[in-house]
Amino acid sequence: QVLLMESGGGSVQAGGSLRLSCAASGSTDDRKCMFWYRQRPGAEPEGIAAIRSDGILTYVDAVRGRFSISQDSAKNTLYLQMNGLKPEDTAMYYCAADSSCASLTWALRDPSRFRYRGQGTKVTVSS
């Protein structure tokens with residue numbers, strides 16, 4: 001069993017930054033692939049960033065160049081550094097984990113497939 005708890009959300013003005021954290025516990029074998037996804041108001045969940053235990057990472061176009069995913073294995077914590085925030089980034093942000101992910105890009109396309117998911121943290125960006 002993997003437990004995930006996000007923190008770091010809040011309200012910022014456009015152009016600002018936030019760093020989200022996701023504290024993880026449980027089997028590391030079940031956390032070989034870690035993800036951030038979001039759900040904007042009235043929209044379907046959207047995978048945005050992923051990192052694999054071998055260091056491979058990927059982003060969707062909407063956040064590439066502005067967001068950065070990283071993890072501290074010693075602290076069992078996943079991060080999402082978000083810079084240059086835009087009003088359209090307003091959403092609930094979730095971290096997720098899975099034991100395998102041959103293709104991170106493919107995995108991001110369907111967040112409903114993530115085996116373990118946190119409760120989310122809210123990000124609001126005002127113009």
| message | Walk me through whether V2 and R115 qualify under side chain to side chain contact (heavy atoms under 4.5 Å, CB included). | response | CA-CA 9 Å; V2 171; R115 185 173 181 185; over 6 Å; no

| note | Closest non-hydrogen atoms of M92 and Q119, given as atom of the first, atom of the second and distance, are CE-O, 3.9 Å

| Heavy-atom closest pair, residues R38 and I48 | NE-CG2, 3.8 Å

| task | Indicate the atoms forming the closest heavy-atom contact of R117 with P111, along with that distance. | result | NH1-O, 3.9 Å

| From D98 CG over to D30 CG, what is the distance, rounded to the nearest 0.5 angstrom? | 8.0 Å

| said: Between L20 and L3, is there shared hydrophobic-cluster membership here, with clusters defined by ILVMFWY side-chain heavy atoms closer than 4.5 Å? | reply: no

| request: Could you walk me through whether V63 and L80 pass side chain to side chain contact (heavy atoms under 4.5 Å, CB included), step by step? | output: CA-CA 11 Å; V63 306; L80 185 68; over 6 Å; no

| task | Search all heavy atoms of A14 against all heavy atoms of S127 and return the closest pair with its distance. | result | CB-CA, 4.3 Å

| Side chain R31, main chain G26, donor-acceptor under 3.5 Å | yes

| task | Could you grab the distance from atom SG of C101 to atom CG of L108, nearest 0.5 Å is fine? | result | 9.0 Å

| said: Side chains of S70 and Q81, heavy atoms from C-beta outward: is any pair under 4.5 Å? | reply: no

| message | Just verifying a value: how many Å separate L78 CG and C95 SG, rounded to the nearest 0.5 Å? | response | 6.0 Å

| task | Assess whether atom CE of M5 is packed by more than 12 heavy atoms of other residues, nucleotides or ligands within 6.0 Å. | result | no

| said: If the threshold is 4.0 Å, N to carboxylate O, is there a salt bridge linking R40 and E88? | reply: no

| said: Counting only heavy atoms not in R113 (residues, nucleotides, ligands), do more than 12 fall under 6.0 Å from its CZ? | reply: no

| task | Find the distance between CG (D29) and OG (S100) and round it off to the nearest 0.5 Å. | result | 11.0 Å

| said: Would you say that S17 contacts N83 through its side chain, given a criterion of any heavy-atom pair below 4.5 Å between the two side chains? | reply: yes

| task | Count the heavy atoms of every other residue, nucleotide or ligand shown that sit under 6.0 Å from CD of Q13, and state whether that count exceeds 12. | result | no

| task | Specify the closest pair of heavy atoms between V60 and G47, including all atoms of both residues, with the distance to one decimal. | result | CG1-O, 3.1 Å

| message | Considering only residues two or more places apart or on different chains, which pairs with a residue in residues 57-114 satisfy ring pair (Phe, Tyr, Trp, His ring centres under 6.0 Å)? | response | F35-F114, Y37-Y94, Y37-F114

| message | Under the criterion side chain to side chain contact (heavy atoms under 4.5 Å, CB included), I'd like the reasoning laid out for K32 against S99: C-alpha separation, chi angles, the key distance, then a yes or no. | response | CA-CA 5 Å; K32 289 183 178 178; S99 57; 5.7 Å; no

| said: Measuring from atom OG of S25 to atom CD of Q1, what distance do you get when rounded to the nearest 0.5 angstrom? | reply: 8.5 Å

| note | Minimal heavy-atom distance between Q71 and S53, with the atoms involved, is NE2-CA, 4.4 Å

| query | Atom CE in M34, atom CG in L57: separation rounded to 0.5 Å? | reply | 13.5 Å

| Less than 4.0 Å between a side-chain N and a carboxylate O, is that true for K86 and D89? | no

| Short side-chain to backbone donor-acceptor contact, E6 and C22, under 3.5 Å | no

